[in-house]
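Since the model is a prediction, treat every value here as computed from it, not as a measurement. Whatever order the structure lists ligands and atoms in, that order sets their numbers, starting from 1.
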Amino acid sequence: MADKISVLIPEEKVNDKIKELGERISADYAGKEVHLICILKGGVFFACELAKHITVPVSLDFMQVSSYGNATSSSGIVRIKKDLDDSMEGKEVVIVEDIIDSGRTLHYLIPVLKQRNPASIRLCALLNKPDRREVEVQIDYLGFDIPDEFVVGYGLDYAQKYRNLPFIGVVEPDAADNAEAEPERKGAVIE
Ligand code: IMP
Ligand code: MG
């Protein structure tokens, strides 16, 4: 049976916010170029839409990481599954991520990327769950603060499904499938 999904942030609000973030980035980087680093897979829909609203020249690169965790949180031990293709040396980097939850993934990743000598590095996240934060992460460009609910859509998945939903929804798994509920929380890998 199908999971129940209720809309938390409708499509139009998500789109308006991404446009606004694109305009802010365009203004902040006026006269410069922006190198967007999209964190796969969750950041991909957001990064593409954001890039369309940035009016300064944009280059794009992609990185995929896994963070290993226990039942309720990631450990902060992050493995790079796919590294960047291009050098980020001297570039104005903006990391584009779907959601900041415990904060552990970006808390680990940002210092690692800083060692690669970008001119600057900032973080842009579509969603933030402040109630779940375990380590500090500075979010320079944020779409929405959300409550501590498991959300899907706009790149975010539940067991790899629902990334393609054009809105942010809260998923209530069907009871029959519930044995594997919240794999990101109880399992070993968060993507
Ligand atoms: P953090 O290291 O705990 O901040 O982990 C962030 C990662 O956990 C995100 O990039 C997502 O892949 C995943 N995540 C956290 N919360 C959710 C959610 O509500 N839905 C889907 N994925 C989530
Ligand atoms: Mg992610």
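Using a 4.0 Å cut-off between a side-chain N of Lys or Arg and a carboxylate O of Asp or Glu, Lys19 and Glu23 qualify as a salt bridge. The pair Asp61-Lys91 fails the salt-bridge criterion, with no side-chain N (NZ, NE, NH1 or NH2) lying under 4.0 Å from an Asp/Glu carboxylate O.
Applying the 4.0 Å criterion to heavy atoms of Glu97 picks out, from ligand 1, the atoms 10 (O). The contact set between ligand 1 and Ser102, taken as ligand atoms under 4.0 Å from a residue heavy atom, comprises 1 (P), 2 (O), 3 (O), 4 (O). Within ligand 1, the atoms closer than 4.0 Å to a non-hydrogen atom of Thr105 are 1 (P), 2 (O), 5 (O), numbered from 1 in the order shown.
Note on ligand 1: Gly42 sits outside its first shell, no heavy atom being nearer than 4.0 Å. Residue contacts with ligand 1 include Glu149, since one of its heavy atoms falls under 4.0 Å from the ligand. For the pair Asp157 and ligand 1, a heavy-atom separation below 4.0 Å is found.
A donor-acceptor distance shorter than 3.5 angstrom exists from the side chain of Ser26 to the backbone of Thr55, with no hydrogens or angles considered. Between the side chain of Lys129 and the backbone N or O of Ile99, no donor-acceptor pair lies under 3.5 Å. Between the Lys41 side chain and the Gly155 main chain, no donor and acceptor come within less than 3.5 Å of each other.
Rounded to the nearest 0.5 angstrom, Leu21 CG and Asp28 CG are separated by 10.5 Å. We find the CG-CG distance between Asp101 and Leu106 to be 11.5 Å, quoted to the nearest 0.5 Å.
Nearest to atom 20 (N) of ligand 1 by heavy atom, out of Val78, Leu156, Asn128, Val151, is Val151.
By the 3.5 Å distance cut-off applied to N or O atoms, Gly103 is counted among the residues near ligand 1.
Heavy atoms of Lys129 found under 4.0 angstrom from ligand 1 belong exclusively to the side chain.
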